[in-house]
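Residue numbers start from 1 in every chain, and the chains themselves are labelled A, B, ... in the order their sequence lines are given, proteins ahead of strands. The shown structure was predicted, so the numbers you read here are calculated from the model rather than taken from an experiment.
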Amino acid sequence: MISLVNDLNPIQQKAVLETEGPLLVFAGAGSGKTRVLTYRIAHLIHEKGVSPRNILAVTFTNKAADEMRERVERLLRGSAKGIWISTFHSACARILRQHINHLGFERNFVIYDEEDQERHLKAVMKELDLDFKMFHPRAMQSSIDRLKNEGVTPDQYRPSQFNIFEKRLALVYQRYQEDLRRNNGVDFGDLLLFVTLLFKKIPEVLRSYQNLCQYVMVDEFQDTNLIQYQLIKRLAERHQNICVVGDDDQSIYRWRGAEVGNILNFERDFPGTKVITLEQNYRSTQHILQAANHVVKENRLRKEKILWTENPEGELLTLYVAEDEADEARFVVRKISGHVHRSFPGNPGSAVRPYRDIAVFYRINAQSRAIEEELVKHQIPYTIVGGMKFYERKEIKDILAYLKLIANPSDGISLKRIINHPPRGIGEKTMERITVFSRERSLPLYEGMKEALKEDWLSPGMQEKIEEFILLIEEFRQEAKTLSPGQLTLTLLARTGYLERLKEEGTDEALSRVENIDELVNVLTELERGEEEVSLESFLDKVSLVSDVDLYEDRENRVSLMTLHCAKGLEFPIVLIVGMEEGLLPHYRRGEEMEDLEEERRLCYVGITRAKEKLYLSRAEKRSTFGVGRANLASRFLDELPFELIQVEERERRMERLFSQETSWHDDFSGPRDEIDFPAQENGFSRKEGVVLSPDGFYPLRTGMRVRHPRFGDGRVKSIEGMNEDQKATIVFRTEGPKRLKVRYANLEILE
DNA sequence: AATCGTAGTGTTTTT
DNA sequence: CACTACGATT
């Protein structure tokens, strides 16, 4: 391998070669940050002879970690075994699996997600007889999270005596932690907090990790919170070879406890820190970059830097002012079609693009719906990143709850979740009684159940049912000793009758649940094929710690939809940012402080800088949030863009719009369409005064529309239920009164 | 115990 | 509008 660093610019080279001592790299968007990190690791191993096991690299998502590992392996041609590249949370989980016994937990602890956390919290609050209306569980939850992020344990927390919420919080926090311990479970925040506590309590453990971590690297440093920073600081203390890479302009997780201040403290905490700033951008056109620079320079709390590029000037940014969110969605579809199909009206001769080159960003998940509907109408394949996560689905969580209980019988939340799934005639009343019984004896729920049996405490009928359940779980626990997690899952699916019950149900929903469970089994077998041995615990850890982006598959040829938060770290040739409105971006529910506004601006900046070649921005003049329409003003961030960079797209005229729906854009595509099978669309429209709704196409019906029915005459749409084929509408006819019709067969004509 | 229906309530972003 | 929490019903 001839010198690696030849592929890098002089400043990047410096960041790679400066291996000893503390280093702070400000890496602007698209400045080759991952490149620097991977080359640096390769350089350490290849040129400096550092053992891979003495390198720790921390990222925020598993996707970033995987990518980094892959790229290092490519650089070193496979000799990267043993480097510790991981997220903060997985790294901590791994440490705790080794040493958590020092903190009074068992090594087979489970990791609770947010939902489990809330269940626990509610149980605790209920026990304390707190009014959920007065003290919102969610507020408690986020307060506890915040305390954990700050490294505050229940004992250390000093509530104000005049603040009733804080006083209650202290109590709830205390009880909640006790409850978790009884269940041998930890939540997200505990993973970090407990490692800190562990290091404090058992210095030898800390020392062993310090010795291991000769070279430490942290990606996305601007997103670290207090406790993460402390952890890193600790680990790098001995060797002082710590390199952090970040961009204060891309700090968008302040609300989650991220401290941009960590960047400033870094120079203070590590005397002799060298600072390198990467400002050359390799991603975007000049126009896009200018736009980004203009927006972000309005922020006061930031380190001055100006990104530049040698890339071509590129096209101007396009702004579209839509009538409402439906119109905005139509704009999105128009632009997508324009890029994908060569001779789309209005885009003659433009290059043909695959769908995967295009992404749509929005501020909040709820915005995806309007866009999705329009994409579906026009049969444009898309994926949503985030939103409802696979592992958060009911059926998946049920199966995982079985596995968690098998791994850790103390896990009462999982026990409660599955004890009557499928139904075993053990209801809430019974469980409540057993809960109280167990608590009185400070036993985990499962142990409490066993004890209740032993003492003949339950009614004979119930006794039998509980006994049967325990027998089932004990069987599984035996099986778990010899079977792989995948085999175990198949066994429990068969023996519990979970799948069977779903199949019997036979509804579309149940069927899709069966599919999801199939998918879970696939994931498991896939995982087991890759590695030598997957323990149940390590599988569950993995599942608990996946993020949205981790599951994002960019292999498939689809348009990507995601929030601006999710977009960080990704890039696309063509980007559309929708909802550039006051109240949405910046969001009206942000905090009061200037910092909060600046974070919204950074979010906008992150969105802009994802685009490589072309950027579209849009806003809607009115948008119905919540079912009620509201007029929205243009986002102030639009005003911060220089006029010369923007071309405004004309709004489609009403008539054009009606008729454009009749022409199929899919007839004349010229690129490879894509591998996804959609039924061919046949738009058999007839042209009269209005638009006749296609019998098997899409139904652009909206409430308030005036329509004509061949038999009932003219009427107005009162309400609409469902979508596509199943859509039904209630229409009030002038002569016939209200009628509920299946739109598909109604043969309606839109008059207005 | 399970299912169904209704009233009331609330949506930012998520490792 | 969409979800869920709760209450009434079988």
Does the side chain of [X] get closer than 4.0 angstrom to OP1 or OP2 of [N] through an N or O atom?
X        : N      : answer
A:Arg589 : B:dT12 : yes
A:Asn365 : B:dT14 : yes
A:Thr563 : B:dT14 : yes
A:Asn62  : B:dT15 : no

Nearest-Å distance for atom pair [atom1]/[atom2], residues [X] and [N]:
X        : N      : atom1 : atom2 : result
A:Leu597 : B:dT13 : CG    : P     : 18 Å
A:Gln141 : B:dT15 : CD    : C1'   : 14 Å
A:His587 : B:dT14 : NE2   : P     : 12 Å
A:Ile252 : B:dT13 : CD1   : P     : 13 Å
A:Arg256 : B:dT12 : CZ    : C1'   : 13 Å
A:Asp66  : B:dT15 : CG    : P     : 15 Å
A:Glu118 : B:dT14 : CD    : P     : 17 Å
A:Lys63  : B:dT15 : NZ    : C1'   : 16 Å

Using the C1' atom in both, what is the distance from B:dT13 to C:dT4, to the nearest Å?
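Result for the C1' pair: 22 Å, nearest Å.
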
Once the angle between the rings of A:Phe221 and A:Tyr229 is folded into 0 to 90°, is it parallel (under 30°), tilted (30 to 60°) or perpendicular (over 60°)?
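A:Phe221 and A:Tyr229: perpendicular rings.
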
Should we count CD of A:Glu115 as having more than 12 external heavy atoms under 6.0 Å?
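Above 12, so yes.
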
Map A:Leu545 and A:Asn420 onto DNA chain B by nearest heavy atom, then report which one ends up closer to the 5' terminus.
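This one resolves to A:Asn420.
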
Find which nucleotide of DNA chain B each of A:Lys465 and A:Leu603 is nearest to by heavy atoms, and output the residue with the more 5' nucleotide.
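Counting from the 5' end, the first nearest nucleotide belongs to A:Lys465.
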
Cationic tip of A:Arg256 above A:Tyr253 ring, under 6.0 Å, 45° of axis:
yes

Decide whether a cation-pi geometry holds between A:Arg97 and A:Phe109; the criteria are a distance under 6.0 Å from NZ or CZ to the six-membered ring centre and an angle within 45° of the ring axis.
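Yes, a cation-pi geometry.
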
Looking only at heavy atoms, which two atoms of A:Gly257 and A:Asn225 are closest? And how far apart?
O-CB, 3.0 Å

Between [options], which nucleotide has the shortest distance from any of its atoms to the side chain of [X]?
X        : options               : value
A:His565 : B:dT13, B:dA2, B:dT15 : B:dT13
A:Lys429 : B:dA2, B:dT15, B:dA1  : B:dA1
A:Phe188 : B:dT15, B:dT13, B:dA1 : B:dT15
A:Ile364 : B:dA2, B:dT12, B:dA1  : B:dT12
A:His136 : B:dT12, B:dA1, B:dG10 : B:dG10

Verify the stacking flag for A:Trp255 against B:dT13: centroid separation must be under 5.5 angstrom and the ring planes must differ by under 30 degrees.
yes

Report the distance from atom CZ of A:Arg369 to atom CD of A:Glu374, rounding to the nearest 0.5 Å.
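Atom-to-atom, A:Arg369:CZ and A:Glu374:CD are 15.0 Å apart.
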
For [X], report the nucleic acid contact type (base, sugar-phosphate, nothing); a contact means any heavy atom under 4.0 Å.
X        : answer
A:Asp223 : nothing
A:Arg369 : sugar-phosphate
A:Arg424 : nothing

Donor-acceptor pair (no angle test) under 3.5 Å: A:Arg363 side chain, B:dT13 base:
yes

